[in-house]
Amino acid sequence: MSAPAAAPVARRPVGDPGTSRLSHLLSIAILVALGVLLVHVLFETWAQVLTGPTSADPRVNLDTAAQWPKQLKTGLYAVLAALTAVKIVVDRLWRRFRTGADLALVVLGLVMVLAGLVNDSSLSLMGQALFVYFRGVLVFYALRAADLRPEQVRRLLLVVAAVVGLNVLLALVQMVVGAPAYRALGWVDLTWAGQSRAQGLQPHPNHLGHLLGLTLLGFVAWVAVHPRVRFAWWAVAGVVALALSASQSRESLLGVLAAAVVIAVLVRGSARRVLTVCLILALCTVAQIAARPDNRSEWERRIGNAFSGIYHPAGSEHRATPAAPSASALPPSATARPSTSGRPPSATARPSTSARPSGAATPTPSPAPVREIRVLYLQQAADILPRQPLLGFGIGQFGGVVAEKNNPDWHKNPKFGPEGFHRYGFQAVQIDSFWLHLVMETGVLGLVAFLVWLFFVTRPLLRATRRPARTATRQGPPSAAVVWGIGAMLFAALVAFLSPAFEDPLLPVLLWTIVGLAWWSWRRSRQAEASVYNAATAMLPVVRDPSDVRDRDTDILATDDILALARRVRRPGPDGSPRATWGEEPRR
């Protein structure tokens, strides 16, 4: 058998299910649906601004803004789920979805359902809450079911890169031009323009920060495994870092820096290149703070409010001090810092800022200074959660989109205490901390189950970066996709402390696309290792007639080659099939 005949074996393994015409079409359909979904979520809020009435109060937008973008997004998720299910049935991919990550997800779902049942969450409420929690995971399973080729993945990434580039360009224009650039795009609420925080086409600067943060981590993963990078790519990374610094997304900045350090530790010899990217991002951020008084004052205000929340915890405003004047009698400067946008401070001026006193205060309580809302919420949760620590207060009943839509007065529920959960004038739809929201709805059991699930999702990627030294020299560094998946998961976990993260409209789709591509790359590398022996032996002559020996060249393998092949051969399973099938986790 000639050498060219072995090429198809190396590219597509024997027994791969993606050989039929229908299976191939389903893979393409999954890729197209995912591409449309990614583009849609990046334009969703901007489309709502252009096609429907909007308000500065995000809770009003739940009902008054155009709803067709959200309905279209839900439909795309349904199409993606249906295509994935059909692909699994047609190709009989049951064994591909029997990993530790899949089992951990089932356990997590059962814990969440149990938390809802014991806390009187209705079936419809639990269904809506589970969809919001796990809609992004549909992308992960779709990519695991699809049999993609590298060129198809590149096309998908190029489409998303074009949209990311548009957001980078608009962010830089907003950074230079200011408010007119926001108005030209149709934004109604100019709060972020007044604070000199770029948002591109995203509803919030933090959303832009999440998008650009994950993009920059992709570059970090790439330079970590490719020692030689052209100067033009470094220039592109610098532009993305500048746009990220223009968003002044503090959570994204911290997430990128922490994830980059982990990548430098996992990929040997990459520390200098990775730390160079971190230095570029840090310098861009410092330059923004130094050059823009609005950014500098915002950093000072948020840090000061965080310390105020520690020194004056939630509930301290109710302590009686007869000599103290009421909050309403104080001048505005004593209760709230003037807004950098030039508008008078109010509870609804900025949805994601520190708490501001609302309502008329009685003469007895002492006035509390402006405090960071996340600190106040964490302090309240620490007092409330011990009442129902194991399973929380029920999914769909606390501080999320589902709770807000089902009952705008969810915070007045007496299960949170005689006075309910104090919102301190916070007007956003979601509590600005995913981990806080999760533990309050599902308890400690739900939090532990969620963390265990994320660990099992990340574990095979971590193993791919820790190959034994004897094989690492032959196989080279891990793929950039695998490293990117690890960094993206850590980024999302850190960002989740300061944002809704895993149940956001944007971040879950991006995150699980990256993690899904990481698993796809890991699966291909495992298949390549398992097929090395078959590909090599396929190149040896097959002699059916002794007279043919003189007409063929005989390949003789050296001892080192034989040992190398033996190390890469996977032991067969009980049924005789190879264990190293695509998408399966190593069995211990």
J.: Is Glu372 salt-bridged to Arg250, going by a charged N under 4.0 Å from an acidic O?
T.: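 So Glu372 does not pair with Arg250 through a salt bridge.
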J.: Return the orientation label for the Phe450 and Phe502 ring planes: parallel under 30°, perpendicular over 60°, tilted otherwise.
T.: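 Judged by the thresholds at 30° and 60°, the geometry between Phe450 and Phe502 is perpendicular.
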J.: Using only atom types and a distance under 3.5 Å, with no angle test, would you say the side chain of Arg135 pairs donor to acceptor with the backbone of Tyr77?
T.: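 Side chain of Arg135 to backbone of Tyr77, a donor-acceptor pair under 3.5 Å: no, none is there.
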J.: Looking only at the side chains, is there a donor atom on one of Gln248 and Trp299 sitting less than 3.5 Å from an acceptor on the other?
T.: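 Yes.
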J.: What is the distance from atom CG of Leu436 to atom CZ of Phe398, rounded to the nearest 0.5 Å?
T.: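 With rounding to 0.5 Å, CG (Leu436) is 5.0 Å from CZ (Phe398).
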J.: Could you report the tightest heavy-atom contact between Pro505 and His207, atom names first, then the distance?
T.: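 That would be CD-CE1, 4.2 Å.
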J.: Is a side-chain donor or acceptor of Trp187 paired with a backbone partner of Pro203 at a separation under 3.5 angstrom?
T.: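 It does not hold such a pair.
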J.: Please report the C-alpha distance between Leu123 and Met126 in whole Å, then the side-chain angles of each, then the deciding distance to 0.1 Å, and finally whether the side chain to side chain contact (heavy atoms under 4.5 Å, CB included) criterion is met.
T.: CA-CA 5 Å; Leu123 293 179; Met126 288 191 292; 3.5 Å; yes
J.: State whether the side chain of His204 and the backbone N or O of Gln199 hold a donor-acceptor pair below 3.5 Å, judged by distance alone.
T.: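 Not confirmed, His204 side chain does not pair with Gln199 backbone.
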J.: Please test Ser121 against Gln397 for side-chain hydrogen bond (donor to acceptor under 3.5 Å, both in side chains), starting from the C-alpha separation and ending with a verdict.
T.: CA-CA 8 Å; Ser121 295; Gln397 298 190 45; 2.6 Å; yes
J.: Between Gln202 and Leu42, which heavy-atom pair has the shortest distance, and what is it?
T.: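 Between these two residues, the closest heavy atoms are NE2-O, 3.2 Å.
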J.: Mind running side chain to side chain contact (heavy atoms under 4.5 Å, CB included) on Asp504 and Phe434 for me, showing each step along the way?
T.: CA-CA 9 Å; Asp504 242 7; Phe434 172 79; over 6 Å; no
J.: Just checking, is any N or O donor in the side chain of Asn206 or Ser249 under 3.5 Å from an acceptor N or O on the other one?
T.: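 Present: a donor and an acceptor within the cut-off.
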J.: Given the rule in the side chain to side chain contact (heavy atoms under 4.5 Å, CB included) test, do Leu114 and Leu391 qualify, once you have shown the distances and angles that lead to the verdict?
T.: CA-CA 8 Å; Leu114 180 61; Leu391 293 173; 3.8 Å; yes
J.: Measuring from Leu143:CG to Leu138:CG, what's the distance to the nearest 0.5 Å?
T.: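 Reported value, rounded in 0.5 Å steps: 11.0 Å.
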J.: Sequence neighbours left out, what pairs pass side-chain hydrogen bond (donor to acceptor under 3.5 Å, both in side chains) with at least one residue falling in residues 376-393?
T.: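 Non-adjacent pairs meeting side-chain hydrogen bond (donor to acceptor under 3.5 Å, both in side chains): Asn119-Gln388.
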J.: Work out which heavy atom in Ala518 is nearest to a heavy atom in Gly485; give both atom names and the distance.
T.: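 Looks like CB-CA, 3.9 Å.
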J.: Less than 3.5 Å apart, any donor N or O on the side chain of Asn305 or Ser308 sitting next to an acceptor on the other?
T.: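 Distance-only check fails for Asn305 and Ser308.
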J.: Could you tell me whether the side chain of Thr513 reaches within less than 4.5 Å of the side chain of Phe140, counting heavy atoms only?
T.: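 When only atoms from C-beta onward are counted, Thr513 and Phe140 do not touch, as no gap falls below 4.5 Å.
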J.: Does the cation-pi check pass for Arg144 over Trp520, that is, NZ or CZ under 6.0 Å from the six-membered ring centre and within 45° of its axis?
T.: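 Verdict for Trp520: no cation-pi partner in Arg144.
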J.: How about Asp102 and Trp453: do any of their side-chain heavy atoms sit closer than 4.5 Å?
T.: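 Answer no - side chains too far apart.
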J.: For the backbone of Ala145 and the side chain of Lys87, can you confirm whether one donor and one acceptor N or O come within less than 3.5 Å of each other?
T.: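 Indeed, once roles are kept as given, a pair shorter than 3.5 Å links the two residues.
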J.: Could you go through Trp192 and Tyr182, starting from their C-alpha distance and side-chain angles, then the distance that decides it, and tell me whether this counts as ring-ring contact (aromatic ring centres under 6.0 Å, His included)?
T.: CA-CA 9 Å; Trp192 313 122; Tyr182 295 78; 9.6 Å; no
J.: Crowded around Phe307 CZ? As in, over 12 foreign heavy atoms under 6.0 Å?
T.: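 Result for CZ/Phe307: open.
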J.: Rounded at 0.5 Å granularity, tell me how far OG in Ser252 sits from CG in Leu244.
T.: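 Separation between the atoms: 6.0 Å.
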J.: Nearest 0.5 Å please: distance from the OG atom of Ser122 over to the CD atom of Gln128.
T.: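 Output value for this atom pair is 7.5 Å.
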J.: Do side-chain atoms of Asp120 reach the backbone of Gly116 as a donor and acceptor pair under 3.5 angstrom?
T.: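 Not confirmed, Asp120 side chain does not pair with Gly116 backbone.
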J.: Apply the test side chain to side chain contact (heavy atoms under 4.5 Å, CB included) to residues Leu217 and Ile514: give CA-CA distance (whole Å), side-chain angles for both, the deciding distance (0.1 Å), then the verdict.
T.: CA-CA 11 Å; Leu217 280 178; Ile514 296 171; over 6 Å; no
J.: Would you say the side-chain atoms of Arg197 pair up with the backbone N or O of Pro205, donor to acceptor, closer than 3.5 Å?
T.: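 Side chain of Arg197 to backbone of Pro205: no pair is present.
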J.: Give a yes or no on whether the backbone of Lys73 and the side-chain of Glu44 come within a donor-acceptor separation of less than 3.5 Å.
T.: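 No, the answer is negative, given that no donor and acceptor are paired below the 3.5 Å cut-off.
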J.: According to side-chain hydrogen bond (donor to acceptor under 3.5 Å, both in side chains), does anything in residues 439-451 pair up with another residue at least two apart or in another chain? List the pairs.
T.: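 Sorted pair list: Tyr133-Glu441, His437-Glu441.
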J.: What heavy-atom pair brings Ala492 and Ala501 nearest, and what distance separates the two atoms?
T.: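 Taking every non-hydrogen atom into account, O-CB, 4.1 Å.
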J.: Under a 4.5 Å cut-off applied to non-hydrogen side-chain atoms, are Leu76 and Val41 in contact?
T.: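 No, too far: nothing below the 4.5 Å cut-off.
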J.: Nearest 0.5 Å, what's the CG-CG distance between Leu201 and Leu208?
T.: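 Answer for the CG-CG pair, Leu201 versus Leu208, is 9.0 Å.
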J.: Are any non-hydrogen side-chain atoms of Arg371 and Tyr424 less than 4.5 angstrom apart?
T.: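 Result yes, sub-4.5 Å side-chain heavy-atom pair found.
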J.: What distance do Leu93 atom CG and Thr84 atom OG1 have between them, rounded to the nearest 0.5 Å?
T.: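 If we round to the nearest 0.5 Å, Leu93:CG and Thr84:OG1 are 10.5 Å apart.
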J.: With distance as the sole test, does Trp484 use its side chain to make a donor-acceptor pair with the main-chain N or O of Leu214 at under 3.5 Å?
T.: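 Judged by distance alone, yes, a pair lies under 3.5 Å.
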J.: Compare every heavy atom of Gly487 with every heavy atom of Ala259, then report the nearest pair and how far apart it is.
T.: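 So the minimum-distance heavy-atom pair works out to CB-O, 3.5 Å.
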J.: Would you say Leu130 and Met112 make side-chain contact, with heavy atoms under 4.5 Å?
T.: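 A side-chain contact under 4.5 Å exists here.
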J.: Going by heavy atoms in the side chains, are Met489 and Leu454 under 4.5 Å from each other?
T.: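 Met489 reaches Leu454 side chain to side chain.
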J.: Side-chain contact test, heavy atoms from C-beta onward, threshold under 4.5 Å: evaluate it for Phe497 versus Glu251 and give yes or no.
T.: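 Phe497 vs Glu251: side chains apart.
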J.: Would you find a donor on one side and an acceptor on the other, under 3.5 Å apart, between the side chain of Asp432 and the backbone of Ser499?
T.: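 The answer is no, because no donor-acceptor pair under 3.5 Å joins these two groups.
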J.: Looking only at heavy atoms, what is the nearest atom pair of Ser196 and Asn295, with distance?
T.: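 Between these two residues, the closest heavy atoms are O-ND2, 3.2 Å.
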J.: Would you confirm whether Arg374, through its side chain, and Leu498, through its main-chain N or O, come within 3.5 Å as a donor-acceptor pair?
T.: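 Yes, because the side chain of Arg374 sits within donor-acceptor range (under 3.5 Å) of the backbone of Leu498.
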J.: In the structure I gave you, are the side-chain heavy atoms of Tyr141 and Trp512 within less than 4.5 Å of one another anywhere?
T.: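 Result no, sub-4.5 Å side-chain heavy-atom pair not found.
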